[in-house]
Amino acid sequence: MSELSVNHLLGIKNLTYDDLQLIFEIADQFKEVINRPIKKVPSLRDITIANVFFENSTRTRLSFELAEKRLSADVINFSSSSSSVKKGETLLDTVNNILAMKVDMIVMRHPSPGAPHFLAKHIKANIVNAGDGTHEHPTQALLDTFSIRSKHTSFEGLKVAIIGDILHSRVAISNIFALKKLGAEVMVCGPNTLIPKFIHTLGVQVELDVMKALQWCDVANVLRIQLERQQIKYFPSTREYSLYYGINKAMLDSLDKEITIMHPGPINRGVELASDVADSDHSIILDQVENGVAIRMAVLYLLASVRSNQ
Amino acid sequence: MSFLLKSATIVDQHSTHHLSKKDILINDQGIIEKIGSIQKADAEVIRSDNLTVSPGWFDLRANFCDPGYEYKEDLFNGLKLAAASGFTAVVPVPNTKPVIQNKNDINYLQRFNGQQTVKVYPSGAVTIDCKGSDLTEMLDMYHAGALVFTDGHMPIWNTDILVKTLMYLQKTGGLLINRPEDKRLTAFASMHEGEQSTVLGMKGMPSLSEEIMIIRDLNLLNYAGGRIHFSTISTEKAVKIIKKAKKKGAKVSCDVAAYQLVFDDSLLHDYDTNYKVNPPLREKSDQRNLIKGVKEGTINAIVSAHEPQDEECKKLEFDLADYGMLSLQTVFPNIVTASDGNDLELFIDKLTYGPRTVLGLETPTIETGNRAEITAFDPDDTWWYGGANNLSKSHNSPQLGQELKGKVIGAINGTHHHINHFVKP
């Protein structure tokens with residue numbers, strides 16, 4: 001297989017196992033490219049990509065922009081702070097205005113779940129979901145699983161615990177879909193108020209005790225507390241959260257095995273992760289960031305191939 | 001105008017002709033002149049392979065958006081639309097702008113009564129602007145013609161207001177309708193809570209938010225007396241709670257939206273905002289139990305819950321889109337689908353006797369000499385729901401563009417009538 005089964009990357013849910021493997025294989029090649037002295041290839045030199053961000057983002061946007069530039073695409077950036085969205089323009093109008101400037105692909109982050117799906121129904125450009133509200137963040141899950149793949153030999157039977165604010169996390173849902181498709185076992189852990197009531201229907205285990213989750217898993221993907229996305233109170237204080245759900249080195253040392261620690265960033269140091277864990281040998285947090293560029297290059301490259309074959 | 005309905009199966013449990021196939025002649029005075037075998041008459045002949053007639057249908061809940069949102073629908077158009085959908089009477093919700101909350105507003109809604117096929121039975125708001133804090137002048141509205149009092153889309157969340165309303169309305173027999181929803185449990189949610197909301201990454205409205213309000217209101221009813229009607233129930237457990245309360249003698253009734261009998265939350269998979277309704281589309285098990293509730297009689301009425309929205313309110317991100325679906329013209333096709341070829345007369349009963357009994361009104365029976373208030377339909381015939389056949393001013397229906405089984409032929413109400421002439425796609 002040399003082509004994705006989809007025209008857009010809206011979510012991991014829509015991808016097949018073969019899609020995931022193809023993205024990983026292409027990302028392997030691009031990872032090699034970005035470690036060369038000349039880090040650029042001409043693959044997308046006739047493609048214009050708009051990064052349309054209706055929510056704040058630093059690392060995801062930088063990572064996409066870098067991936068686009070490494071592929072020689074023309075890049076334009078748009079963010080809600082400088083947009084006409086606040087003047088009452090609809091999402092569709094905003095995006096159609098951008099497309100009228102002959103843009104081929106849209107990378108979009110948006111606070112509404114399903115916003116990229118909505119867009120995909122109404123416009124012709126290829127869409128990459130860079131995070132839609134509390135729904136999916138597919139490139140994050142791809143880079144997370146890609147990072148796990150470089151550390152562990154197989155996903156089959158691998159135990160991955162996702163720890164933290166599951167309810168407000170698009171990373172959690174995308175990771176669950178990706179890990180399950182690849183054959184891993186998944187557990188979610190956090191305060192019960194931050195775990196969707198029906199998460200078990202996705203075939204994951206639920207654990208409320210973080211120590212038990214650490215004992216169970218081979219990989220712990222620790223999520224940020226999304227205070228900005230919590231419209232109402234779900235726990236009393238970050239102090240109490242860090243006391244009962246934060247992970248520190250003493251906890252890891254008490255385990256009879258070594259586990260891999262991941263975090264999609266940005267880390268609230270001292271809240272969900274102590275610095276001595278974030279910076280330890282267990283942590284592959286910076287590998288995730290590096291892999292993010294390779295994964296995003298692979299996704300953009302593969303979607304552009306689908307486009308040119310249409 | 002006179003009508004001759006040829007070989008029509010009569011579905012009317014109170015008629016001596018119930019479930020028999022007869023010709024029906026309605027004269028130009030709007031009176032049923034003859035029921036039997038009629039070979040020839042100076043009348044417009046209505047035929048269809050499986051022509052069926054019943055007493056005129058009664059809708060306990062539709063939004064005609066008038067006054068205030070006439071660009072979505074208006075009263076005049078709404079009445080035409082309701083007649084084309086088979087209805088001869090409608091209770092519009094009071095959530096207009098301004099809210100229907102004084103006798104002038106009630107008179108405004110009745111201004112076409114007697115001139116159209118469809119009669120409006122106005123509902124008045126229980127609280128000023130449906131905000132839940134201060135009571136409206138309900139007795140005054142009752143004497144102006146309001147039989148129903150409700151805050152429409154807004155649940156009456158204040159227990160004290162609900163108790164006082166139940167007590168206050170006992171003087172008249174006016175009906176209190178509440179939409180059971182605990183707004184705290186549904187805050188920031190825009191669909192049903194379950195597997196699908198988890199997959200779609202959206203906060204869900206738990207079934208509990210409806211059930212807990214029903215239980216609460218039944219307790220308040222027990223204390224205050226009077227009677228209560230729950231509008232557009234949507235969960236399996238809601239049906240069970242109401243069934244149990246009825247058994248114990250509580251003066252409670254309820255209705256369900258026709259589309260809840262055929263749609264479930266799996267249809268939201270691609271965030272189609274036309275399926276965004278409140279109460280939300282729930283799960284298949286809820287759907288099955290709602291149908292059972294209709295057949296058993298726990299659910300007294302089927303309503304359209306017609307809620308037109310313009311494109312600006314619907315062509316949006318799912319969480320930003322407004323609630324509502326065009327649903328008057330699809331009531332009958334959806335009922336035909338829900339009945340699946342069995343017990344259609346039980347469903348029709350929930351459009352005829354059911355709602356009128358809830359309001360304490362008599363149902364016009366199909367007998368010689370009676371004033372004709374009749375809906376004619378063919379459950380086997382199909383029609384195309386689209387283009388000029390969509391009679392609403394809005395287009396927010398997921399069923400638009402589809403060939404639908406179950407065709408309303410027309411409605412006759414005395415000397416007024418509406419006969420559908422659908423175009424092909």
Side-chain angles (χ1 to χ4, degrees), chain A residues 8 10-14 54 85 88-96 108 110-122 129 131-138 166-174 176-177 180 188 195-204 206 229-234, chain B residues 182-209 211-212 235 264-276 280-286 309-322 395-396 398 400-401:
Chain A
H8 310 281
L10 302 179
I12 301 291
K13 184 166 180 282
N14 315 87
F54 294 96
V85 171
E89 192 176 43
T90 66
L91 169 62
L92 210 50
D93 283 341
T94 305
V95 173
N96 273 327
M108 183 171 79
H110 196 285
S112 296
H117 305 67
F118 165 72
L119 216 52
K121 276 193 267 184
H122 293 103
N129 180 4
D132 59 332
T134 49
H135 180 219
E136 282 225 43
H137 190 353
I166 313 296
L167 189 66
H168 297 94
S169 173
R170 47 195 172 214
V171 177
I173 293 183
S174 285
I176 290 168
F177 287 142
K180 299 287 292 178
V188 294
I195 295 176
K197 188 166 170 51
F198 290 87
I199 196 83
H200 61 274
T201 58
L202 304 186
V204 301
V206 177
R229 226 170 282 151
Q230 293 181 10
Q231 292 149 314
I232 34 183
K233 275 245 170 195
Y234 289 88
Chain B
D182 183 324
K183 286 274 184 191
R184 292 222 164 192
L185 286 172
T186 59
F188 307 107
S190 43
M191 66 175 291
H192 168 66
E193 182 187 74
E195 181 176 356
Q196 185 72 324
S197 66
T198 311
V199 169
L200 296 178
M202 287 199 276
K203 186 166 186 287
M205 303 179 179
S207 299
L208 176 74
S209 62
E211 294 145 9
I212 205 164
T235 79
D264 63 71
D265 66 345
S266 66
L267 294 162
L268 294 168
H269 64 93
D270 67 345
Y271 300 89
D272 185 345
T273 57
N274 283 326
Y275 288 110
K276 183 176 175 181
L281 300 179
R282 306 232 184 237
E283 295 173 26
K284 286 215 159 55
S285 59
D286 294 302
Q309 296 291 1
D310 58 324
E311 198 176 271
E312 282 68 38
C313 294
K314 278 293 189 184
K315 207 168 174 185
L316 291 172
E317 299 86 315
F318 194 88
D319 55 345
L320 302 182
D322 281 342
H395 298 87
N396 55 308
L400 272 179

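Chain A is the first sequence line, chain B the second, and so forth, proteins listed ahead of strands; every chain is numbered from 1. Side chains included, hydrogens not; waters and symmetry mates left out as well; all remaining heavy atoms used.
Within the 4.5 Å cutoff, no side-chain heavy atoms of A/Thr90 are placed close to those of B/Lys315. Between A/Asp132 and B/Glu317, every side-chain heavy-atom pair lies at or beyond the 4.5 Å cut-off.
Contact of B/Asp319 with chain A is made through the side chain alone, with heavy-atom distances under 4.5 Å. Looking at A/Ile199, the atoms closer than 4.5 Å to chain B (heavy atoms on both sides) sit in the backbone and in the side chain alike. Neither the backbone nor the side chain of B/Glu312 comes within contact range of chain A, judged by heavy atoms closer than 4.5 Å. Both the backbone and the side chain of A/Phe198 come within contact range of chain B, with heavy atoms under 4.5 Å apart. Contacts between A/His122 and chain B at a heavy-atom distance below 4.5 Å involve the side chain alone, from C-beta outward.
Note: B/Gly201 leads B/Gly194, B/Ser190, B/Gly201 in heavy-atom pairs under 4.5 Å with chain A.
With sequence neighbours excluded, the residues satisfying side-chain contact (heavy atoms from CB on, under 4.5 Å) with B/His269 are B/Gln196. Residues forming a side-chain contact (heavy atoms from CB on, under 4.5 Å) with A/Ile173 (at least two apart in sequence, or on another chain): A/Glu136, A/Phe177.
Taking OG1 of B/Thr198 as the start and NE2 of A/His200 as the end, the distance is 8.0 Å to the nearest 0.5 Å.
Shown here for B/Asp270 and A/Lys121, the closest heavy-atom pair between the two residues is O-NZ, 3.0 Å.
Heavy-atom neighbours of B/Leu320 CG from other residues, nucleotides or ligands within 6.0 Å: above the threshold of 12.
Ring centroid separation for the pair A/His135 and B/Phe318 does not come in under the 6.0 Å cut-off.
For the pair A/Lys197 (side chain) and B/Pro206 (backbone), a donor-acceptor distance under 3.5 Å is absent.
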